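Read the structure below first, then the notes.
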Amino acid sequence: MGTIYITKDDTFIGKIDERIHVKADRKQILDVPFIKVDGLVILGRSNFSPALVAELLERKIPMSFLTTTGKYLGRLEPELTKNIFIRKAQWKTEDNSEKALHIVKGFIRGKLKNYPQRFYNRTSQ
């Protein structure tokens with residue numbers, strides 16, 4: 001799975017069956033199954049079909065827009081599908097700084113425990 005980057009101006013991005021179809025200068029330049037796509041990033045000017053947008057949203061695939069120089073313009077993102085109760089608990093934890101500190105320390109302990117040993121001992125080599 002990956003992200004598709006459209007960098008050529010004046011392309012057309014559409015949906016044909018279960019695939020993302022990209023054309024430029026009346027020639028097909030890309031044809032990828034939706035199942036292999038995690039995101040779509042458009043740099044510069046491109047046109048796209050409403051059917052493509054609907055399919056991306058249904059499949060929870062975000063679409064980002066940047067200028068030709070890479071400046072972020074915006075993003076079309078499907079609605080959040082995470083469990084609302086988890087999200088609520090995360091926000092509650094943020095309110096309680098002692099509990100938040102405990103959780104952050106746990107994250108750091110886990111990161112250090114899972115960090116490869118070869119990086120630990122660089123100073124001793």
Side-chain angles (χ1 to χ4, degrees):
M1 300 252 208
T3 300
I4 296 174
Y5 292 86
I6 306 296
T7 58
K8 185 169 177 51
D9 278 341
D10 302 320
T11 57
F12 178 77
I13 312 158
K15 170 193 180 293
I16 296 179
D17 298 324
E18 297 292 311
R19 305 176 76 78
I20 295 176
H21 189 77
V22 183
K23 286 176 125 180
D25 302 321
R26 297 185 179 152
K27 296 178 187 169
Q28 176 183 320
I29 59 172
L30 186 66
D31 189 42
V32 180
F34 279 102
I35 197 161
K36 292 188 175 186
V37 179
D38 287 327
L40 177 63
V41 178
I42 299 173
L43 287 96
R45 295 185 323 260
S46 288
N47 295 306
F48 45 87
S49 71
L52 171 79
V53 174
E55 191 71 27
L56 290 172
L57 291 172
E58 283 180 30
R59 292 177 180 262
K60 312 289 187 243
I61 300 171
M63 189 162 123
S64 301
F65 301 92
L66 288 77
T67 64
T68 52
T69 58
K71 181 181 175 203
Y72 179 77
L73 295 172
R75 182 175 168 112
L76 179 64
E77 191 165 358
E79 80 175 319
L80 295 172
T81 59
K82 298 288 182 186
N83 187 326
I84 188 65
F85 300 110
I86 292 172
R87 181 93 48 221
K88 190 174 179 182
Q90 289 170 337
W91 282 107
K92 251 186 182 175
T93 301
E94 191 270 333
D95 289 342
N96 183 342
S97 60
E98 187 176 316
K99 193 171 186 178
L101 185 60
H102 175 73
I103 290 171
V104 169
K105 284 180 180 180
F107 287 151
I108 292 170
R109 275 192 297 274
K111 285 282 190 188
L112 290 174
K113 181 180 176 188
N114 293 326
Y115 207 61
Q117 195 66 27
R118 67 178 187 266
F119 294 116
Y120 268 48
N121 300 323
R122 287 212 183 245
T123 56
S124 63
Q125 292 178 352

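Just so we're clear, the structure is a prediction, and the values are computed from it rather than from any experiment. All residue numbers in this chain count up from 1 along the given sequence.
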Is there a path of hydrophobic side-chain contacts, each under 4.5 Å between heavy atoms, that joins [X] and [Y]?
X	Y	result
Val32	Tyr5	no
Phe12	Leu30	no
Leu57	Ile4	yes

Closest approach of [X] to [Y] (non-hydrogen atoms, all atoms of both residues):
X	Y	answer
Ser64	Arg75	OG-NH1, 3.4 Å
Arg59	Ile35	NH1-N, 4.3 Å
Val37	Pro33	CG2-O, 3.6 Å
Lys15	Ala51	CD-O, 3.7 Å
Gly14	Ser49	CA-OG, 3.7 Å

Inset, instruction - Taking the side chain as every heavy atom from C-beta outward, state whether Leu76 and Leu40 have any atom pair closer than 4.5 Å. - result: no
Inset, instruction - Report yes if some heavy atom in the side chain of Val41 is under 4.5 Å from a heavy atom in the side chain of Tyr72; otherwise report no. - result: no
Could you grab the distance from atom [atom1] of [X] to atom [atom2] of [Y], nearest 0.5 Å is fine?
X	Y	atom1	atom2	value
Leu43	Leu66	CG	CG	5.0 Å
Glu77	Lys60	CD	NZ	11.0 Å
Ile61	Leu52	CD1	CG	9.0 Å
Glu55	Asp17	CD	CG	10.5 Å
Thr68	Ile42	OG1	CD1	13.5 Å

Legend entry - Partner set under side chain to side chain contact (heavy atoms under 4.5 Å, CB included) for Asp31, not counting sequence neighbours: Arg19, His21, Gln28
Inset, instruction - Go through the structure and list residues passing side chain to side chain contact (heavy atoms under 4.5 Å, CB included) with Thr11, not counting sequence neighbours. - result: Ile6, Lys8, Ile13, Val22, Ala24, Ile29, Ser46
Legend entry - Of all pairs that satisfy ring-ring contact (aromatic ring centres under 6.0 Å, His included), the ones with a partner from residues 40-67, not counting sequence neighbours: Phe48-Phe65
